[in-house]
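Each chain gets a letter, A, B and so on, in the order its sequence line appears, and its residues count up from 1. Only this structure's heavy atoms are used, side chains among them; waters, hydrogens and symmetry mates stay out.
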Number of protein chains: 2
Amino acid sequence: MVGERVKKYRKEAGLTLTELADRAGVAKSYLSALERNIQTNPSIQFLEKIAAVLNITIDHLLKDMDNMEPAGDDIDTEWRKLVLEAMNSGVSKEEFRDFLEYNKWKINQK
Amino acid sequence: MVGERVKKYRKEAGLTLTELADRAGVAKSYLSALERNIQTNPSIQFLEKIAAVLNITIDHLLKDMDNMEPAGDDIDTEWRKLVLEAMNSGVSKEEFRDFLEYNKWKINQK
DNA sequence: ACTTTTTTACCCGTTCTCCTACCATGTTCA
DNA sequence: TGAACATGGTAGGAGAACGGGTAAAAAAGT
């Protein structure tokens, strides 16, 4: 069902239902109904908006893509989720850079 | 646009508009309107029916699959580089989490 | 405990999908 | 010339999708 998948990916991105609705520009009432399988036939434009915020393609939402990584991807899935969360939380690349520099420095201190 | 692609694949399958509509179990009037870009936002269930008859997946209808991108950039490339740098510099996921929490908090202070 | 956040659950209004017809233009037989 | 038929397009409407708002219920924090 589409609803479960939307919810699953939303959680992975660390977003609340209201946040996702706002960012995607859809009504939270409808999003809520969709996640609870009350609505089951969304339009493609609706799904496109949601998929864009969640950084996934539409058929991630249509079929179960549990069969993740065919191995050998250079970013492991744990990190991928973290970055997604970071992007959605509004952290800028610059702030992330600073954080990185600081940590490199800290590591060299020990 | 979705319409063009439906029409293209329908022609490739050697089907008439009426045939496709009958086989997919949809109204030919709506299918006609879709192909002429009068309707542009079909539901997923509608597309599923059509894609099934045409033996293609839905995102063949959503994007042009002529240029099969290697894909894999569901995380934008700038961020990807940053994460790789982070992983290589020995920053732990926990430290990253803390950084995230802190930033979310900081943003909410504004 | 109590307060705040998050989610669900309603209401109603508008818009749009998608349907059942019916119409217009061929084209192909007689 | 004519009817039969195939193909695509049109008109109108039922019902679903979708948005806004609000309020209650449930979770989470303090």
Side-chain angles (χ1 to χ4, degrees), chain A residues 1-54 58-59 61-62 81 84-86 88-91, chain B residues 1-54 56 58-62 97-110:
Chain A
M1 204 96 275
V2 197
E4 283 96 62
R5 262 154 261 149
V6 172
K7 188 166 193 171
K8 172 181 142 203
Y9 284 109
R10 175 172 64 78
K11 296 281 188 189
E12 284 184 8
L15 290 175
T16 139
L17 193 148
T18 316
E19 273 176 342
L20 175 56
D22 285 347
R23 266 176 223 212
V26 302
K28 65 180 176 209
S29 61
Y30 184 73
L31 180 59
S32 165
L34 189 72
E35 288 194 353
R36 285 174 291 134
N37 296 325
I38 292 172
Q39 298 294 336
T40 57
N41 191 25
S43 72
I44 58 172
Q45 285 173 22
F46 181 90
L47 285 188
E48 273 169 359
K49 291 181 194 169
I50 293 209
V53 176
L54 298 179
I58 289 193
D59 41 54
L61 296 176
L62 297 182
K81 289 180 192 173
L84 243 180
E85 199 176 335
N88 281 324
S89 72
V91 178
Chain B
M1 204 94 275
V2 198
E4 283 97 63
R5 261 154 262 149
V6 173
K7 188 166 193 172
K8 173 182 144 202
Y9 283 110
R10 175 172 65 81
K11 296 283 188 188
E12 284 183 10
L15 290 175
T16 156
L17 191 149
T18 320
E19 272 178 342
L20 176 56
D22 285 347
R23 267 185 227 193
V26 303
K28 69 177 180 189
S29 64
Y30 185 73
L31 180 59
S32 164
L34 190 72
E35 287 194 354
R36 286 175 293 135
N37 295 325
I38 292 171
Q39 298 295 334
T40 58
N41 191 24
S43 73
I44 59 173
Q45 286 173 20
F46 182 90
L47 285 187
E48 273 170 358
K49 292 180 191 169
I50 292 205
V53 176
L54 297 178
I56 53 179
I58 289 193
D59 39 56
H60 280 77
L61 296 176
L62 297 182
R97 276 227 109 86
D98 292 343
F99 164 70
L100 252 185
E101 293 301 326
Y102 166 68
N103 264 282
K104 283 183 178 176
W105 172 82
K106 197 171 76 179
I107 288 175
N108 287 337
Q109 295 306 301
K110 166 61 217 317

query = Looking across every strand, which nucleic acid part, if any, lies under 4.0 Å from A:Lys7 by heavy atom: base, sugar-phosphate, or nothing?
reply = sugar-phosphate
query = Just how far is it from atom CD of A:Gln39 to atom CG of A:Leu31, taken to the nearest 0.5 Å?
reply = 11.5 Å
message = Rounded to whole Å, how long is the line connecting atom NZ of A:Lys11 with atom P of C:dT6?
response = 11 Å
Interatomic distance, A:Leu31 CG vs C:dT8 C1' [rounded to whole Å] = 12 Å
query = A:Asp22 CG to C:dT7 P: how many Å, rounded?
reply = 12 Å
task = Would you please name every residue forming a side-chain hydrogen bond (donor to acceptor under 3.5 Å, both in side chains) with B:Ser43, sequence neighbours left out?
result = A:Asn41
query = What integer distance in Å separates B:Arg36:CZ from D:dT7:P?
reply = 17 Å
ask   = Quick one: is D:dA6 close enough that its OP1 or OP2 comes under 4.0 Å of any side-chain N or O from B:Thr18?
value = no
message = One pair to check against side chain to side chain contact (heavy atoms under 4.5 Å, CB included): B:Leu54 and B:Ile50. What are the steps and the verdict?
response = CA-CA 6 Å; B:Leu54 297 178; B:Ile50 292 205; 3.8 Å; yes
Using atom types as modelled, flag every donor-acceptor pair under 3.5 Å from a side chain in residues 10-26 of chain B to any protein atom, sequence neighbours excluded.
{"from": "B:Arg10", "atom 1": "NE", "to": "B:Glu35", "atom 2": "OE2", "distance (Å)": "2.7"}
{"from": "B:Arg10", "atom 1": "NH1", "to": "B:Leu15", "atom 2": "O", "distance (Å)": "3.0"}
{"from": "B:Arg10", "atom 1": "NH2", "to": "B:Glu35", "atom 2": "OE1", "distance (Å)": "2.9"}
{"from": "B:Thr16", "atom 1": "OG1", "to": "B:Thr18", "atom 2": "N", "distance (Å)": "3.3"}
{"from": "B:Glu19", "atom 1": "OE1", "to": "B:Thr16", "atom 2": "N", "distance (Å)": "3.1"}

inquiry  = Can you see if the side chain of B:Arg10 gets near the phosphate of D:dT7 - specifically, an N or O under 4.0 Å from OP1 or OP2?
reply    = no
key: Spacing of B:Leu34 atom CG relative to C:dC19 atom P, expressed in whole Å   = 11 Å
request  = Would you mind building the protein contact string for nucleotides 16-30 of chain D? One character per nucleotide, 5' to 3', B for base within reach (heavy atoms under 4.0 Å), S for sugar-phosphate only, - for untouched.
outcome  = -SBBBBB--------
inquiry  = Taking side-chain contact (heavy atoms from CB on, under 4.5 Å) as the definition, give me every residue that meets it alongside A:Glu4, ordered by chain and number, with sequence neighbours left out.
reply    = A:Met1, A:Asn37
inquiry  = Quick test of your reading: applying ring pair (Phe, Tyr, Trp, His ring centres under 6.0 Å), list the pairs with at least one residue in residues 23-43 of chain B, sequence neighbours left out, ordered by first then second residue.
reply    = B:Tyr30-B:Phe46
request  = Could you tell me the separation between the CG atom of B:Leu17 and the P atom of D:dT7, rounded to a whole number of Å?
outcome  = 10 Å
